[in-house]
Every structure is written in structure tokens, then in C-alpha cells.
K.L.:
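Before I ask anything, here is the structure I am working with.
Order of the sequence lines sets the chain letters (A, B, ...), proteins ahead of strands, with each chain counted from 1. Fair warning: this is a prediction, and the values are worked out from it, not measured in the lab. These values consider heavy atoms only, across backbone and side chains, with no hydrogens, waters or symmetry-generated copies.
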Amino acid sequence: MAVNKVYPDAVAALAGVIRDGMTIMAGGFGLCGIPTVLIEAIRASGARDLTFVSNNAGVDDGGLGVLLQSRQVRKMISSYVGENKIFAEQYLAGELEIEFNPQGTLAERIRAGGAGIPAFFTKTGVGTVIAEGKEVREFDGEKYVMERGLRAELAIIHAWKADPEGNLVYRKTARNFNPMMATAAAVTVVEVEELVPLGSFDPDHIVTPGIFVNRIVKLDSVVKRIEQRTVRKRVAA
Amino acid sequence: MAVNKVYPDAVAALAGVIRDGMTIMAGGFGLCGIPTVLIEAIRASGARDLTFVSNNAGVDDGGLGVLLQSRQVRKMISSYVGENKIFAEQYLAGELEIEFNPQGTLAERIRAGGAGIPAFFTKTGVGTVIAEGKEVREFDGEKYVMERGLRAELAIIHAWKADPEGNLVYRKTARNFNPMMATAAAVTVVEVEELVPLGSFDPDHIVTPGIFVNRIVKLDSVVKRIEQRTVRKRVAA
Amino acid sequence: MAWTREQMAARAAQELKDGFYVNLGIGIPTLVANYIPEGISVQLHSENGMLGTGPFPFEGEEDADVINAGKQTVTELPSTSYVDSASSFAMVRGGHINLSILGALQVAENGDLANWMIPGKMVKGMGGAMDLVAGVKRVVVLMEHTAGGKPKLLHRCTLPLTGAGVVDMVVTDLAVFDVDRRGGGMTLLELAPWVTLAALRAVTEADFAVAPALKAA
Amino acid sequence: MAWTREQMAARAAQELKDGFYVNLGIGIPTLVANYIPEGISVQLHSENGMLGTGPFPFEGEEDADVINAGKQTVTELPSTSYVDSASSFAMVRGGHINLSILGALQVAENGDLANWMIPGKMVKGMGGAMDLVAGVKRVVVLMEHTAGGKPKLLHRCTLPLTGAGVVDMVVTDLAVFDVDRRGGGMTLLELAPWVTLAALRAVTEADFAVAPALKAA
């Protein structure tokens, strides 16, 4: 019998891995593909002084915003933190630190961290504040800045479906940062909308192989919020 | 009407992009997932002094071996070239150059080339001949060697299915080096076993988006060779 | 007479070529999708991991899992594919996106671009803008010519840069400029109707040459 | 009495733990798959892009698109997934593979490993061996104790290295050694039946300590 990766709920899945001051990667782009229930479990844990690697910081009452509300976050490593008043308040009060990364650099740093690459060069940010204090080097006549791979002690991610081995598939743009983060943490915990039997997936369709997944929680219910509801009118026939 | 990416045959698909002395990436691992018909078309083109980036060099009468037979190859950038007597002969006669790369380094160099990363650091090869003449640097107490991104003028790859946009899916271990090579060349030409109508793929299942594919050839017939046929006996019931 | 936002978008859309993969920024650039010239097919890239972004959904058909980089609900096309964020930016950084059309706070005559922060104001972050301007083959800026009456086309940007030497073309409500990001400076290509060269120079700090075709006109 | 290849494989298999992801090299290491201890489930990694490699197919069921890193036809399991070569080696380089069991030409007492070339002979290439020894968390070498009567466990490797300071354990037909790749040297853990310490030292160039448990026995 293989190690059991399936946990009864989010609190159980995070038991023993949460501690004050730790660095956590959290998947999602805006409110799309975020690990809502795992974030709630971190709130419930009461852990403090957390550093989050996450593209965004949620909204006031959603995503990582709920951990800002409860003042559990000390630092964010993100690319964009608009849409969040609490963030602005805490930042201006000096309670919250922010390290901005260009979105593609952030994604690649996480991918590199998971792939055993401690540093790589990119054109992004050359000649900007992003390159300050970093090595800039010329390759074939172009300048590049050296960026470091990024790892975390814990990754919390959201996927569409998992099998008991931890093989994952994602749904549409809810994929975003989740697959890279799954590879870049000491422990990866995933919440899923569906848990399917082993062998249900076509092995060509699996996006995150189970090797990257330590713990799985099947969600009881799934609530997905839309940040910018944009629609077009139907033209009457 | 979008640019037409579908070509009637391999010779047509390579027209105008082959020239003497060029560097070509060729997908495949052993004889699995190799672009057999595109290789034949390169043989037919008569182009000489070619440099190939390919994990292997084929067998005497298969894969890139057919271009060794015709003496069209000047240099190989590979990780393993056993199983090929012609290769050994030409190499020992000084007619063929070989640059060995560790397989994972080769894969990552190609991925980096396609992703706009001119160089990255890896632990692979530290303290070996592979690191000679390359920068070795310590990160967090471990030594790493700097490897360069790799690009080519042309990539020839094999996929299972394409749609007319050039979205590709691969079949099982025939995926191997093909997806990265698709991203790392000025022109990418793919041979496919099936051409399906636009909209046939579940967009979550596409492995290579059409942005990376310039020309598509649908194969008339598909012959797949097995290098090491290994089987087990059925136990009689 | 200054061009409208729609006219600006239509002008920028003329930079599209058949088969292009294009990233459109938030704001006026979004309008470009409405002016894709006939007979031309382009695929829109959303850096959050969608290639082949379709129009907004009909009311009631929104899918929270199908959003663009502006976090707006959008739809799939038959050509659509989804990738993760690292792969999406590999398209950008690797030079696979043909054209990016985006807004700006300032553009300098050397092609420098500033569009992500104003010192003293709360900084929201650069999102994918630095990656886009550094990685996309051709960058077209679509912006108002001035802000509060002050020129946005400058000798040197005064705001923190998004990218250094990255802009290839600027379309404003008054004019269209070519920018040689390799040090060749700016060249005026087109003027909005009734706008005189003198009037343009009065609201433009940047030096620019005038294209021969325009001089002749 | 030296251990047989099967006994060596069975001994190496005791290094497997439940839930491990394991890469098995070509040759004797392949046999390890036949000795996975009961109650333990491991996933075998093939660096050509298959995770969860199953047994050889039944005759007539070979699929040319399902091969392992030795280019042998294999089969899928319900847990199998396929990835590209870059992703496959990201598993290796990123430290996600728990254990690699592979053959060697020489191992030195400092953990250096040589298994890819012999100067003067035609070089076939290192394949994925350098990536595996550099990236996998724990490396176990499974090899004959000597070659042509000459020791393969040396003070320093004389052949070009595959990796420097990468070996954690060596299982030969005569003995099992722990190797401290951080400079702590080699320690003899087990001896094959009837093999004396003196006999072992006679065919081992490398210095090694003897584990207390073994001394006591």
C-alpha cells in the first residue's frame, strides 16, 4: 500500500506543516484558481509573520486578503497587489513588506526553484529598479539580469481533479501559477474540486504528476468568485 | 483567413528553409517520436555540413543515421550516440564532430533557448569535464555550472495530432524532446500522424500551442520502429 | 482635431499582420480587438495562460475559470489553448509574441517606457508589463499625447522605467511616431487632421524627425 | 561466497521506502524492480518522460511509443503520467526523485563516481547519468566489486567523473558500504557470507571504516 496522500479536510492536510514565520507559495491569478479553503485553514491555524509568494494579494475579503485582515502576513512576493485596500493600509503603516517581481520573472523563478536551477538570466527588468543590486551581464550583445530560483517550505494550490497518486489536472485559466508552485515547495498541499479513481486520467493529459504532490483535500463545495464580470449583450434574433 | 500552416508534404514543408551549414533541432529519444519523414526530406534536399541538436544520432539505417550515411552531418550536439556504427566510423575518421551534453542539461538548454533565457546554472556536471571552460559559481553553499540556452534555425519534430492552427498533442513517451524544440527554433516544422479540425482538442490538453508551429505535414503512413523489443511471457491460464 | 480613442485603436490595429500573436494591454489597447482589419486573423495572448482569447461572454455564460490578464471574464475560441504562467511568459520572453500594444505614462525619445509606478503614490506592481516590453518583438504604445497638459513624450523619462529602449512605435491622439530603440531617435509618421507640426511640437518634449512622406504631404 | 546479481538487486531494493520515486539505471539496477519489498509502493521514473513505468509488455502488446530510458518497450500503470524531457529532468535536478540506483565503472572513497567513458575507447555519451547523480537525493551504486580482478572502489577515480561527491551507498557482490559524500569517507556495513574482512581489503583500494554493528558480529 502506498503512502496515503488524501486528507479528510484542509485543517488536517495542513496539520504539522504550518509554523510562524514560514514562506508559503499560494497559487492563483487574481481570484482565479486560488486555494480558497486552504487559505481559510491557514487563517484558522493562527500562524503569524508569514511570507507569501503569490502573484496577487487577493481582495479585501477574498484570497490572501483574508490573511491580511487577520494580520498574519508579514511579507508578500508578488507582481501586482491592486484591488486591495487593506493591503495598502498595512503597507503604508509599515506593517507589511512587499517584494515586487515582474510576473514572468516570478513565474520563472518558481519554475527554476522547482527544477533545481538556482539562478538564470532574463532581459526583463534590465535598466529598471528591478535590476538594482543584481548582476547584469551581456550575452550575444544583449544585456540580461540574473534572477534567483525561488523555493518555499509549503505550497498551497488549487486544481480541478486529482487521483489518489496526486496526479493533477487544472481547468482553463485556473491553471496559472499552480503547476510551478507544486514543484517548488518542501510540502505541496492541493485542494481539488474532484477526486477521481486511479487510472481515470489519460496519462498524456496529466499536468502535474503526483511526484510533486504530498497532500490532497477534496472540497465539499466550490465557490468561485469573479473579479471583473464583463459580458456582451445578446443581439435579439 | 489566417496564414496557412498545412503543407502538402515534407519536401514542400522544408522548401526555402534548408541551407548548407545550418543548425537543426530534431526531436525524439532513440527511435521514439523522431520526425522520420522530415529527416528523409532533408536527405533528399542534399544539404550538407549540418549541425544537429538531437538527444541521439539514430541507428545505422534509421533516424538521423540516414543523414550520417549520406554524409550530410558535420556536428552532433547530443547526450548519447551509441547504437550507431556509422557514427563511430565517421567520428574516428575525424569527419564528424560531437558535443556531448548531459541529457537533462541538453533538454534544459533547449527549453531555455525557447524561453528567452540565455544562461542558467545547474549542478549537473560540476567537477567533471562538462564544467571545463564554463563558469562555476556557488549558490547557498553548493557549486553550479553555467550552461547556455540553445536555439536553432530550424526544428523538425514529430507529434501525434495537430489542428490547422498548429496546436499539438503528443503520444506517450514520443513526447520527449519535441515540445521544447518546437519553441527554440526560428522555424518549426512538425510531422503529424493525424490532422484534426480546429476545435477538436480540449484546450486544457494541448501540449504545444500553435504559436510555436510554423509548418505542418500530415503523414500518409506511419511506421514506428522499436529499438529494444522487450516482452514478458504470458503465464498459461 | 485630435483622434478619438476608437480612432487611436483603429490606427494601432493597422500594425497587425495576418497570423500575428498579439498581447493587448489594459485600457485603450483593449479596444484594438474591435478594429482587426478584415482578412486578417490574429491570436490574442493573455499572460495569465490563455492563447486565443475570445470576446466577452454573453450574460449568464461567464466562467470564473476563463479570465484574461485584466481579470475580466472572456470566452474560448476553437483555437484556444491554456498553459501555466511560466509557459505563458516563455512565449513572451522567448520572442514568440509578435506585437504588444500597451498604455504608458511616459515614453522617451530613446524608446524608454514608464508605465508602472509614480513615486509617492501607492505602488500596485508591474504585473506582466516589464516582461512584455522586454520580450515581445515589437512594442506599440497607445496613449494620450499629454497628461494634465504636460507632455508624455520626453527626452528622458522622469518616472521609474518599465523598460529601457523597448518602444518601437507610439500612437497618441495627435500623432503617430516611429521609435528606433537602437538609438536612432523618434520620427513623426502621421499627424491627426488639423493638427499642425508647430502645435504638436508645443506639447511634445521629445525631439523627433519628420518622415519625408509627411513633409511632402 | 559472493552475492549473485539477484541477491545484489534484492539488497539494493531494501533501500526503497513506501511512496518513493525511483530511477533505476541499465543493467543490474533494472533487476531491482523484481525485489520491491512487500507492502511498499514505489513509482519508477524513466528520464525520457515517463513516471510510473510498468513491466515489459506481453508479446504482441508492444507499443513503440511506450519505452523506458533504456529504449526497451514497457507498459503503463494506472498511476502513469507522461511529460517532456525538460520536465522529466526538472524532477531529477529539482531533487524530487528520492533514489537512484545505477551501475559504475569506479567509485572513490569521497563519493566520486565514474561510469560514462574510458579514454581511448569510443565515447557513447553520458545520457542522463550526470543529471541523475547530481540531482537525485540519494544515489546507490550497484556493481561488481572488481573488474578483471582490479578494484573498482578506489582512493580516487582514474576515469573521467560522472559526478563529484555524489554516491551515498555502494552494493557490490562482496559487500555493502555507506559513503559520506560530505567528506566522511566510506564505511563497511555488510559483508557477503564467508567473505572475510581481509579478503575484502585485498580487492578494495579505497579506505573504509567498519561499522560498529559489523565489528560486533
K.L.:
Between B:R225 and B:D61, is the closest basic N to carboxylate O distance under 4.0 Å?
P.N.:
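Salt bridge between B:D61 and B:R225, a charged N being under 4.0 Å from a carboxylate O: yes.
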K.L.:
Go through the atoms of B:V81 and report whether side chain, backbone, both or neither lie under 4.5 Å from a heavy atom of chain D.
P.N.:
both
K.L.:
With chain B, which of D:F58, D:W116, D:F89 has the greatest number of heavy-atom pairs at distances under 4.5 Å?
P.N.:
D:F58
K.L.:
Salt bridge check: are B:E99 and B:K75 linked by an N-O gap of less than 4.0 Å?
P.N.:
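Yes.
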K.L.:
So which part of D:T162 gets closer than 4.5 Å to some heavy atom of chain B, the side chain, the backbone, both or neither?
P.N.:
backbone
K.L.:
Which region of B:K233, side chain (C-beta onward) or backbone (N, CA, C, O), has a non-hydrogen atom less than 4.5 Å from a non-hydrogen atom of chain D, or is it both or neither?
P.N.:
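For B:K233, heavy atoms of backbone and side chain both lie under 4.5 Å from chain D.
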K.L.:
Side chains of D:S100 and D:R138: donor-acceptor distance under 3.5 Å anywhere?
P.N.:
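Checked: D:S100/D:R138 side chains show no N/O donor-acceptor pair below 3.5 Å.
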K.L.:
Can we say D:E59 and B:R234 salt-bridge, meaning some charged N sits less than 4.0 Å from an Asp/Glu carboxylate O?
P.N.:
no
K.L.:
Can the ring centres of B:F177 and B:F29 be said to be less than 6.0 Å apart?
P.N.:
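Distance test on ring centres: not under 6.0 Å, no.
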K.L.:
Rounded to the nearest 0.5 Å, what separation is found between the CZ atom of B:R148 and the CZ atom of B:F120?
P.N.:
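Atom-to-atom, B:R148:CZ and B:F120:CZ are 10.5 Å apart.
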K.L.:
Go through D:D65, D:D84, D:N48, D:V133 and name the one with the most non-hydrogen pairs under 4.5 angstrom from chain B.
P.N.:
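It is D:D65.
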K.L.:
Heavy-atom pairs under 4.5 Å with chain D - which of B:C32, B:G104, B:G127, B:A174 has more of them than the others?
P.N.:
B:G104
K.L.:
Would D:D131 and D:R93 pass as an ion pair if we require N to O under 4.0 Å?
P.N.:
no
K.L.:
Just by distance, no angles: are the side chains of D:T158 and D:Q106 close enough, under 3.5 Å, to form a donor-acceptor pair?
P.N.:
yes
K.L.:
Looking at D:G135, D:P55, D:S81, which one has more heavy-atom pairs under 4.5 Å with chain B than the rest?
P.N.:
D:P55
K.L.:
Please state whether the side chain, the backbone, both or neither of B:Y91 comes within less than 4.5 Å of a heavy atom of chain D.
P.N.:
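It is the side chain, since no backbone atom gets that close.
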K.L.:
Salt-bridged, D:E205 to D:K150, with N to O below 4.0 Å?
P.N.:
no
K.L.:
B:S79, B:G30, B:A107: which one forms the most heavy-atom pairs within less than 4.5 Å of chain D?
P.N.:
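Option with the greatest count: B:S79.
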K.L.:
Quick one: which of B:K123, B:R171, B:R232 has the most heavy-atom pairs under 4.5 Å with chain D, could you say?
P.N.:
B:R232
K.L.:
Could you tell me which of D:G49, D:G128, D:A114, D:A129 has the largest number of non-hydrogen atom pairs under 4.5 Å with chain B?
P.N.:
D:G128
K.L.:
When only pairs under 4.5 Å are counted, which of D:T80, D:I67, D:L161 shares the most heavy-atom pairs with chain B?
P.N.:
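Most heavy-atom pairs within the cutoff with chain B belong to D:I67.
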K.L.:
Answer yes when D:R11 and D:E190 have at least one side-chain N-carboxylate O distance shorter than 4.0 Å, and no when they do not.
P.N.:
yes
K.L.:
Using a cut-off of under 4.5 Å on heavy-atom pairs, state which of B:K143, B:M180, B:R109, B:R111 scores highest against chain D.
P.N.:
B:M180
K.L.:
Could you check whether B:K172 pairs with D:E76 (Lys NZ or Arg NE/NH1/NH2 to Asp/Glu carboxylate O, under 4.0 Å)?
P.N.:
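A salt bridge is present here (some side-chain N lies under 4.0 Å from a carboxylate O).
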K.L.:
Would you mind checking which part of D:Y82 comes under 4.5 Å of any heavy atom in chain B, side chain (CB onward), backbone (N, CA, C, O), both or neither?
P.N.:
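Both parts, backbone and side chain.
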K.L.:
Would you say D:T204 and D:H145 are linked by a side-chain donor-acceptor pair, where the criterion is simply a distance under 3.5 Å?
P.N.:
yes
K.L.:
Among B:T230, B:T124, B:N56, B:V231, who wins on heavy-atom pairs under 4.5 Å with chain D?
P.N.:
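Max contact count across the listed options: B:T230.
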K.L.:
Under a 4.5 Å heavy-atom cut-off, does chain D meet the side chain of B:E142, its backbone, both or neither?
P.N.:
side chain
K.L.:
Quick one: what part of D:M122 sits under 4.5 Å from any heavy atom of chain B, side chain, backbone, both or neither?
P.N.:
side chain
K.L.:
Identify which part of D:D112 has an atom lying under 4.5 Å from any heavy atom of chain B, answering side chain, backbone, both or neither.
P.N.:
neither
K.L.:
Under a 4.5 Å heavy-atom cut-off, does chain B meet the side chain of D:V123, its backbone, both or neither?
P.N.:
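Both parts, heavy atoms under 4.5 Å.
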K.L.:
Non-hydrogen atoms of chain B under 4.5 Å away: do they reach the side chain of D:V92, the backbone, both or neither?
P.N.:
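Neither the backbone nor the side chain of D:V92 comes within 4.5 Å of chain B.
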